[in-house]
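Below: one structure, written as structure tokens.
Residue numbering restarts at 1 for every chain, and letters A, B, ... go by the order of the sequence lines.
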Amino acid sequence: MLVNAIRQKVSEVISKAYGSEIEFEVEIPPRKEFGDLSTNVAMKLAKTLKKNPREIAQEIVKSLDEDPSFDRIEIMGPGFINFFLSNELLRGVVKTVLEKKDEYGRENVGNGMKVQFEYGSANPTGPFTVGHGRQIIIGDVLSEVYKELGYDVTREMYINDAGKQIRLLAQSLWARYNQLLGVEKEIPEGGYRGEYLVDIARDLVNEIGDRYKDLWNEEVEEFFKQTALNRILSSMKDTLEKIGSSFDVYFSEKSLIEDGTVEEVLKLLKNKDVVYEKDGAVWLKVSAFIDEEDKVLVRSDGTYTYFMTDIAYHYKKYKRGFRKVYDIWGSDHHGHIPRMKAAMKALDIPDDFFNVILHQFVTLKRGGEIVRMSTRAGEFVTLDELLDEVGRDATRYFFAMVDPNTHMVFDIDLAKAKSMDNPVYYVQYAHARIHNLFSNAEKKGVKFEEGKHLELLGNEEERVLMRNLGMFNTALKEVAQMFAPNRLTNYLQSLAESFHAFYTKHVIVDPENPELSNARLNLALATGIVLRKGLKLIGVSAPERM
RNA sequence: GCCCCCGUAGUUCAACGGAUAGAACGGCGGAUUCCUAAUCCGCAGAUGGAGGUUCGAUUCCUCCCGGGGGCACCA
């Protein structure tokens, strides 16, 4: 709210003085001598106006000097305008937080726009990996933040339950089943070698005995497909529960084939004359739209490629009324983006509808060794195992705090051994301390009245804390704009830091000073509200005791 | 070979083109008769290399080096 206020005041001045609008930053300066907030607007204007930035700054400051929101405004360096906020303005932040409570930080920038985040989408051919975990957390945080910002958000997971890999899965399971019954069967080329299929096979032996021993036909294939899918999907849902994620929609790829969407879209593309047949397959003229090679939609054996069903899926999303969709993909799917865009163009779907947020891989380290992850090779650490070892809160926070575009290294030994030093505890501890202050106040007979005596707040630590409380909404907007959940953890970290500083330096509950105590408890309460809200957006608990 | 991403303290990460590049862990040294020391304070320690654009570059451009990923009738 502080940034909004300053931005507005400055914008008014420059539009009046220069009749121009310009993008500029309002941010926390690197040193406290530079004030509570500062802007680079004069330097930005200097370029377009071809004037000395310090001169421009002078003029802007002149117009704002009388404003009671500021104790003073200074110009520093090449033309930074540094604002020293009045206590009055800062106390207003506390008041607002206390009034709005859980709704503090909300702002309607989305105007109810219907958007979708699709993430966590996985082949149901094995358990979620640690990499999926990263994607799920990124998607969760972005979804929650977009909701706060007034978007109508749907969280959706696409289940790739069609296609060749499901058949391979069935064959792999069948091989494991037979191996347990003493029949030597090889896992097919490119099949799934993970231990989890042995577990499923073992259950199967108990349930159906040797009914399908050394027997393979269409019916058996269907049985093994269904069994494998059901079992794996249900354990994936267990993992989602464990990590604390739930989706609004689980969308089946197979359903697109069964309900005729794929055929409909194929016909549509044919009518638009952007497909052709070659070598017995049906191709999309990708090259007509972008500088890429044409791609197969229908294989010569009549089955659909992933590309085909994905086009149908996104066509359906469009028909479902989403104005924008954001697909969160691992960077290995990067090559899929241009041709999907081409397909959207071919279907006359607006350019800004289909958006992809890429995230880089997670490299695992265990015992100082890099662990390669591959579902097919069966060489991986599952998300489930990670959650058991590290815990939900730390896992979520850890993934949220790294920029999606960073190739992150997850050292399992380190995460386990040092779980007490995980940054999530730093934030949670601040929350627990706040809760404790109130039971302490009660114990010492210090009465608390909400919103009273705020005028007593104003020392350095209190001012920094109040200023930071006022930055919450700015942080949320950064998360949304940059698709960067780590902007939120960065914010919470600095908020917790300013609270710990305040707590360490000042006695908050002091029976000798009931009015000052009351004021400080109000500040603590407001801090607790924002911490709890921020942690909730990440899906991390805000403990009252640690 | 072509395309995308990344190289920041010993390690794991920050820094929407801004001011003296911030943390945490690890190392060294301090703080508790007082609300939770899962905290606080101090010391040492970094932008892979070479050019360029800019008032200003970790950030943008070019080249080089190193790592990851992609170039299927796989998903």
Side-chain angles (χ1 to χ4, degrees), chain A residues 23 25 27 29-31 33-34 38 40 43-44 46-47 52-53 76-80 82 121-123 125 160 162-165 168 190 253 278-283 292-293 295-301 303-307 309-310 330-338 358-361 363 365 376 398 401-403 405-411 414-415 417-426 428-430 432-441 443-444 446 478 481-482 484 486-487 489-490 493-494 496-497 499-501 503-510 517 520-521 524 545-546:
Chain A
E23 296 245 330
E25 317 300 333
E27 59 190 0
R31 291 210 304 270
E33 304 93 89
F34 298 157
S38 78
N40 62 352
M43 278 119 73
K44 292 278 176 193
K47 269 197 177 123
N52 184 323
M76 297 271 282
F80 288 103
N82 298 332
S121 302
N123 291 333
T125 51
N160 302 129
K164 280 186 169 172
Q165 79 281 4
L168 271 172
E253 179 183 3
K278 192 182 90 183
D279 304 331
V282 179
W283 299 67
E292 293 259 334
E293 291 187 5
K295 298 288 298 181
V296 171
L297 295 173
V298 186
R299 298 186 192 96
S300 48
D301 67 1
T303 58
Y304 302 116
T305 60
Y306 175 77
F307 184 39
T309 51
D310 211 25
S331 60
D332 54 334
H333 288 66
H334 177 263
H336 191 54
I337 299 172
L358 284 180
H359 66 89
Q360 300 301 321
F361 281 13
T363 305
K365 233 177 170 181
R376 297 207 174 196
F398 197 94
M401 70 185 285
V402 180
D403 186 313
N405 213 26
T406 294
H407 298 266
M408 77 181 277
V409 175
F410 200 125
D411 188 326
L414 210 69
K418 299 183 182 166
S419 67
M420 279 311 176
D421 296 315
N422 192 303
V424 68
Y425 296 105
Y426 186 80
Q428 288 181 321
Y429 188 54
R433 272 183 155 176
I434 289 166
H435 184 80
N436 193 254
L437 284 174
F438 282 88
S439 34
N440 212 273
K443 230 180 284 168
K444 290 186 179 166
V446 174
E478 277 177 13
Q481 202 175 59
M482 302 163 71
N486 58 310
R487 287 282 167 161
T489 55
N490 286 354
Q493 210 72 23
S494 68
E497 186 183 352
F499 176 77
H500 285 310
Y503 180 97
T504 304
K505 188 124 181 224
H506 304 284
V507 178
I508 293 163
V509 179
D510 179 7
S517 296
R520 288 179 172 167
L521 281 169
R545 196 161 286 112
M546 285 174 77

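For N40(A), counting side-chain heavy atoms from C-beta on, the closest listed nucleotide (rG18(B), rG67(B), rU20(B)) is rG18(B).
If you check every strand for non-hydrogen atoms under 4.0 Å, E27(A) touches a base. Within the 4.0 angstrom heavy-atom criterion, only backbone atoms of the sugar-phosphate kind lie near M482(A); the bases stay farther away.
The CG-P distance, from L168(A) to rA72(B), rounds to 19 Å in whole Å. For K444(A) and rC35(B), the NZ to P distance is 6 Å, given to the nearest whole Å. At whole-Å resolution of the value, CG in D403(A) and C1' in rA23(B) are 16 Å apart. Distance, W283(A) CH2 to rC73(B) C1': 7 Å, rounded to whole Å. Atom CD of E497(A) is separated from atom P of rC41(B) by 7 Å (rounded to the nearest Å).
In this pair, F80(A) does not lay its aromatic ring on the base of rG18(B); centres under 5.5 Å and planes under 30 degrees do not both hold. Judged by ring centres under 5.5 Å apart and planes tilted less than 30 degrees, F361(A) fails to stack against the six-membered base ring of rG68(B).
Contact check, R433(A) against rA38(B): no side-chain N or O comes under 4.0 Å of OP1 or OP2. Remark: R487(A) is in phosphate contact with rA15(B), judged by side-chain N or O atoms under 4.0 Å from OP1 or OP2. For the pair Y429(A) and rA38(B), the criterion of a side-chain N or O lying under 4.0 Å from OP1 or OP2 is met. Using a 4.0 Å cut-off, some side-chain N or O of N486(A) falls inside it from OP1 or OP2 of rA15(B). Between N422(A) and rA24(B) there is no side-chain N or O to OP1 or OP2 distance below 4.0 Å. In this model, the phosphate group of rA14(B) is approached by a side-chain N or O of T406(A) to a distance below 4.0 Å at OP1 or OP2.
A side-chain donor-acceptor contact under 3.5 Å links Q165(A) to the backbone of N160(A). A donor-acceptor pair is defined here as one N or O able to donate and one able to accept, closer than 3.5 Å; such a pair exists between the side chain of W283(A) and the backbone of K278(A).
Pairs of Watson-Crick or G-U wobble type, with distances under 3.5 Å, assemble into runs of 3 or more in RNA chain B at these ranges: B:1-7 with B:65-71, B:10-13 with B:22-25, B:27-31 with B:39-43, B:48-52 with B:60-64.
Evaluation of the side-chain contact (heavy atoms from CB on, under 4.5 Å) rule for S331(A) yields Q360(A), F361(A) as partners, not counting sequence neighbours. Under the side-chain contact (heavy atoms from CB on, under 4.5 Å) criterion, S300(A) pairs with no residue, sequence neighbours left out. F34(A) pairs by the ring-ring contact (aromatic ring centres under 6.0 Å, His included) definition with nothing, not counting sequence neighbours. Applying the ring-ring contact (aromatic ring centres under 6.0 Å, His included) criterion to H336(A), with sequence neighbours excluded, gives Y306(A), F307(A), W329(A).
With C1' as the reference atom, rG48(B) and rC65(B) are 7 Å apart, rounded to whole Å.
Counting atom types as modelled, T125(A) pairs no side-chain N or O with a base atom of rA75(B) as donor and acceptor under 3.5 Å.
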Considering only nitrogen or oxygen atoms on both sides, find all protein atoms under 3.5 Å from nucleotides 55-58 of chain B and state each distance.
unit_1	atom_1	unit_2	atom_2	d
rG56(B)	O6	K47(A)	NZ	2.9

